[in-house]
Amino acid sequence: MSKALLIIDFQNDFTSGGALEVPEGDEIAEPVKRLAKEFDYVFATRDWHPTDHSSFETEGGPWPVHCVQGTHGAELHPAMRDIEVEEIVDVGAEREDQGYSGFEKSKLADLLRERDVDEVAVVGLATDYCVRASAIDAAREGFDTSVVTDAIRAVDVNPGDGERALEDMREAGANLVTSDSLVRAGG
Ligand code: VGL
Ligand code: ZN
């Protein structure tokens, strides 16, 4: 059995200077890089939208235009250059896809099972959207799921959204852990 690190949407548009900047989003770089060495596999997801995605303010949705396919904003954060990624999984690629969960209309669950992965640790951006949805789906798919609380950051559109998301993930069966405890345990 194997362990995988799932790095959710660590992309330019969600970090400093990006279109949908997550406060302190860059600060997950250090724990994410440290953790990547401890896992059998690392998978990265990308928010990967068409120019007319339904979540964009220009289309009546809640978000500024972000992570448009093929743009600089949609590229992985520069810190990801130091990490060996097994496969990149793109989500939200069609206009009406919600695109929050890395498992939505993707092959992620199959890619993990093909490699005998039974345990996953979830890190990335943003706690209250894509990390939340991905961790809940990972637990539902039957993976032993941990969320690394110091390697995620929240948008917090409403104060407390990040904290509520942690509670939702815990209720769905995910363990809330720190990167230090995972590194000490060897992944
Ligand atoms: C995300 C808002 C819109 C995320 C993606 O990656 O958490 N949040 N699209
Ligand atoms: Zn998005």
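In each ligand, atom 1 is the first atom listed, and ligand 1 is the first ligand listed. In this text the structure is predicted, and so the values were computed from the model without any measurement.
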- prompt: Would you call the rings of Trp63 and His66 parallel, tilted or perpendicular if under 30° counts as parallel and over 60° as perpendicular?
  reply: perpendicular
- prompt: Does Lys105 pair with Asp97 as a salt bridge, N-O distance under 4.0 Å?
  reply: yes
Pair up each side-chain donor or acceptor in residues 116-124 with any protein partner under 3.5 Å, not counting sequence neighbours, and list the distances.
none

- request: Would you mind listing every ring pair (Phe, Tyr, Trp, His ring centres under 6.0 Å) that reaches into residues 85-106, with sequence neighbours excluded?
  value: Tyr100-Tyr129
message: Looking at Thr149 and Val177, would you say the former's side chain and the latter's main chain have a donor-acceptor pair under 3.5 Å?
response: yes
field: Proximal protein residues to ligand 1, non-hydrogen atoms under 4.0 angstrom
entry: Asp9, Phe14, Leu20, Asp47, Trp63, His66, Tyr100, Leu125, Ala126, Tyr129, Cys130
query: Is the shortest distance from a Lys or Arg side-chain nitrogen in Lys3 or Asp40 to a carboxylate oxygen in the other one below 4.0 Å?
result: no
message: Tell me whether Asp156 contacts the main-chain N or O of Asp161 through its side chain, where contact means a donor paired with an acceptor under 3.5 Å.
response: yes
query: Between Lys107 and Asp110, is the closest basic N to carboxylate O distance under 4.0 Å?
result: no
- line: Within the 2.8 Å cut-off the protein N, O or S neighbours of the Zn ion (ligand 2) are Asp47 OD2, His49 NE2, His66 NE2
- request: Run the ring-centre check on Phe14 versus His77 and record whether the distance is less than 6.0 Å.
  value: no
